[in-house]
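What follows is a short report on a single structure.
Each residue takes its place number in the sequence, starting with 1.
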Amino acid sequence: MTKNIHPTAVIDPSAQIDPSTVIGPYTVIGPDVVIGKNNHIGPHCVIENTTMGDNNELIASSFIGVKPQDLSYKDEHTRVVLGNGNKIRECVTIHRSTDVNVPTTVGNNCLLMANSHIAHDCHLGNNIIIANSTAVAGHITIEDRAVISGLIGIHQFSRIGTMAMLSGGTMVHQDVPPYCIAQGARARLIGINLVGLRRNGLSKEAILEIRRAYKALFRSGKLLGEALAELEATHPCPEVQHMIDFCKNSKRGVIAAKRSMREHDDE
C-alpha cells in the first residue's frame, strides 16, 4: 500500500498499479487490472478487468470493466482498454467486452460526462466528447473528435463518424457520416458540422469540398450508391474520401437528410 492509495480502498493483490497513481476512498480495484502513471481515481470507483494508460482522471463512482449487460455473456475473460488523458466524470459506466479477442476500447483525451454509459464491445477513438446521460449501446464505433450531446441513445452496431455532432435528445438508429450533424427523435442529417470543422483546423478548401460532398450525397435526390460512385470518380480530398468509404462500409445503413428545411451549414 503506497501513500497515494487511501487506506479505505480495496485493492486486489494481483492488480498492477504504478506508484504515481492516486486512488481515493472506498474505491475497489479488482483482479486483472493494470493501471499506468499519474492517474487520479476518485472515491467509490470500481475497476475490474481493465488496462488503463496514463494521466486519466476518474472523478467519482465510475464503474470501469465490469460485466457486460448481455445475457449471452458467460464470464469469459474479457476486458476494457482505456488510453491516456481521459476525463471520466461521475457515475460513468464502461463495460468490458463479450469478445475474448477484442476488448472494449476508449482512446486518448476523451471526456465522458456524468452518467454516460459505454456498453460492451464499443470502440471509441480520440478526443471524443460524450455529454451527460447518454447511452452508447453495444458494438458501437465512434470515430475521433465526434461530439455527442446529452440525453442521447445510440442503437447497437451503429457508427458515428469523425467530427460528427449529435444534437441533444437525438435517437440514433443508423450510421452518422463524418463531419455531419444529426438531430431528432428519429435521427436525420441537418447539414455539416461547420463549427466543429473550423475548430479542428480544417482548411477552407476542405470544408468547401465537404459541403459539396454532403449535398451530392444527401440532397441531390440520387440513390446513395449512385451518388457515392459519382463523387469518388472526382478524386476527392482525403476528408471526402473518408465520407465515401464510411458510407460504402455501412452495415446498418446511413441516416438520411431531413427534408424541407434550411441547411444548418448555410453561412
Is the shortest side-chain heavy-atom distance between [X] and [Y] below 4.5 Å?
X: Q69; Y: T93; answer: no
X: P236; Y: I244; answer: yes
X: I207; Y: L194; answer: yes
X: V46; Y: T27; answer: no
X: P177; Y: Y214; answer: no
X: I94; Y: V106; answer: yes
X: I130; Y: I142; answer: yes

Can you tell me if [X] uses its side chain to pair, donor with acceptor, with the backbone of [Y] under 3.5 Å?
X: S20; Y: N38; value: yes
X: E143; Y: G161; value: no
X: N86; Y: G107; value: yes
X: S116; Y: M113; value: yes
X: Q174; Y: R252; value: yes

Shortest non-hydrogen contact between [X] and [Y], atoms and distance:
X: L189; Y: C180; result: CD2-CB, 4.0 Å
X: C122; Y: A137; result: SG-O, 2.9 Å
X: I23; Y: A9; result: CG2-CB, 4.0 Å
X: S158; Y: V172; result: OG-O, 4.4 Å
X: A216; Y: A227; result: O-CB, 3.5 Å
X: T170; Y: A182; result: OG1-O, 3.6 Å

Legend entry - Qualifying residues under side-chain hydrogen bond (donor to acceptor under 3.5 Å, both in side chains), relative to N101, sequence neighbours excluded: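 N101: no side-chain hydrogen bond (donor to acceptor under 3.5 Å, both in side chains) contacts found.
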
Legend entry - Under the side-chain hydrogen bond (donor to acceptor under 3.5 Å, both in side chains) test, residues paired with N39 that sit two or more places apart: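 side-chain hydrogen bond (donor to acceptor under 3.5 Å, both in side chains) check on N39 returns T21, N56.
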
Measuring from atom [atom1] of [X] to atom [atom2] of [Y], what distance do you get when rounded to the nearest 0.5 angstrom?
X: C237; Y: E205; atom1: SG; atom2: CD; answer: 10.0 Å
X: N108; Y: D54; atom1: CG; atom2: CG; answer: 9.5 Å
X: I41; Y: I88; atom1: CD1; atom2: CD1; answer: 10.5 Å
X: N193; Y: R199; atom1: CG; atom2: CZ; answer: 8.5 Å
X: I192; Y: M243; atom1: CD1; atom2: CE; answer: 8.0 Å
X: N200; Y: M163; atom1: CG; atom2: CE; answer: 4.5 Å

Inset, instruction - Determine the sole option in T98, D75, T78 for which the side-chain hydrogen bond (donor to acceptor under 3.5 Å, both in side chains) test with K67 is passed. - result: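 It is D75, the one option of T98, D75, T78 that forms the side-chain hydrogen bond (donor to acceptor under 3.5 Å, both in side chains) with K67.
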
Is there a path of hydrophobic side-chain contacts, each under 4.5 Å between heavy atoms, that joins [X] and [Y]?
X: I181; Y: M171; value: no
X: V80; Y: I11; value: yes
X: I47; Y: I5; value: yes
X: V81; Y: I118; value: no
X: L224; Y: I210; value: yes

Inset, instruction - Indicate the ring-plane relationship of F246 and H242, choosing parallel, tilted or perpendicular according to the 30° and 60° boundaries. - result: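 Geometry flag for H242 against F246: perpendicular rings.
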
Inset, instruction - Taking salt bridge (Lys or Arg N to Asp or Glu O under 4.0 Å) as the test, write out the residues that go with R79, two or more places apart. - result: D32

Inset, instruction - Sequence neighbours left out, what passes salt bridge (Lys or Arg N to Asp or Glu O under 4.0 Å) with E239? Give chain and number order. - result: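 So E239 forms no salt bridge (Lys or Arg N to Asp or Glu O under 4.0 Å) with any residue.
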
Inset, instruction - Please list all pairs passing the side chain to side chain donor-acceptor pair (under 3.5 Å) test where one or both residues lie in residues 225-236, with sequence neighbours left out. - result: K222-E230, E232-Q241, E232-K248

Inset, instruction - I would like to know whether N109 and N84 meet side chain to side chain contact (heavy atoms under 4.5 Å, CB included); could you show each step before the answer? - result: CA-CA 6 Å; N109 303 311; N84 306 314; 5.9 Å; no

Name all pairs fulfilling the ring pair (Phe, Tyr, Trp, His ring centres under 6.0 Å) condition that reach into [range], sequence neighbours left out, sorted by first residue then second.
range: residues 86-118; answer: H95-H117
range: residues 119-138; answer: H120-H139
range: residues 56-86; answer: none

Legend entry - Residues that H44 engages under ring pair (Phe, Tyr, Trp, His ring centres under 6.0 Å), provided they are two or more places apart: Y26

Inset, instruction - Name all residues meeting the side-chain contact (heavy atoms from CB on, under 4.5 Å) criterion together with C91; count only those two or more places apart in sequence or in a different chain, and write none if there are none. - result: S61, N115

Inset, instruction - Take N4 and V22, measure what side chain to side chain contact (heavy atoms under 4.5 Å, CB included) needs, and give me the verdict at the end. - result: CA-CA 5 Å; N4 287 332; V22 175; 4.1 Å; yes

Would you give me the side-chain donor-acceptor pairs under 3.5 Å for residues 144-157, sequence neighbours excluded?
from	atom 1	to	atom 2	distance (Å)
D144	OD1	N126	N	2.8
S149	OG	L166	O	2.7

Legend entry - R89 and L111: CA distance, side-chain angles, deciding distance, side chain to side chain contact (heavy atoms under 4.5 Å, CB included) verdict: CA-CA 8 Å; R89 297 294 312 201; L111 170 59; 4.2 Å; yes

Inset, instruction - Starting from the C-alpha separation in whole Å, work towards a yes-or-no answer on side chain to side chain donor-acceptor pair (under 3.5 Å) for S97 and D99. - result: CA-CA 5 Å; S97 60; D99 187 337; over 6 Å; no

Inset, instruction - Would you mind listing every salt bridge (charged side-chain N to carboxylate O under 4.0 Å, His left out) that reaches into residues 170-193, with sequence neighbours excluded? - result: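 For residues 170-193, and leaving out neighbouring residues, the salt bridge (charged side-chain N to carboxylate O under 4.0 Å, His left out) pairs sorted by first residue read R159-D175.
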
Inset, instruction - Identify the residue among I64, T50, I35 that makes a side chain to side chain contact (heavy atoms under 4.5 Å, CB included) with I29. - result: I35

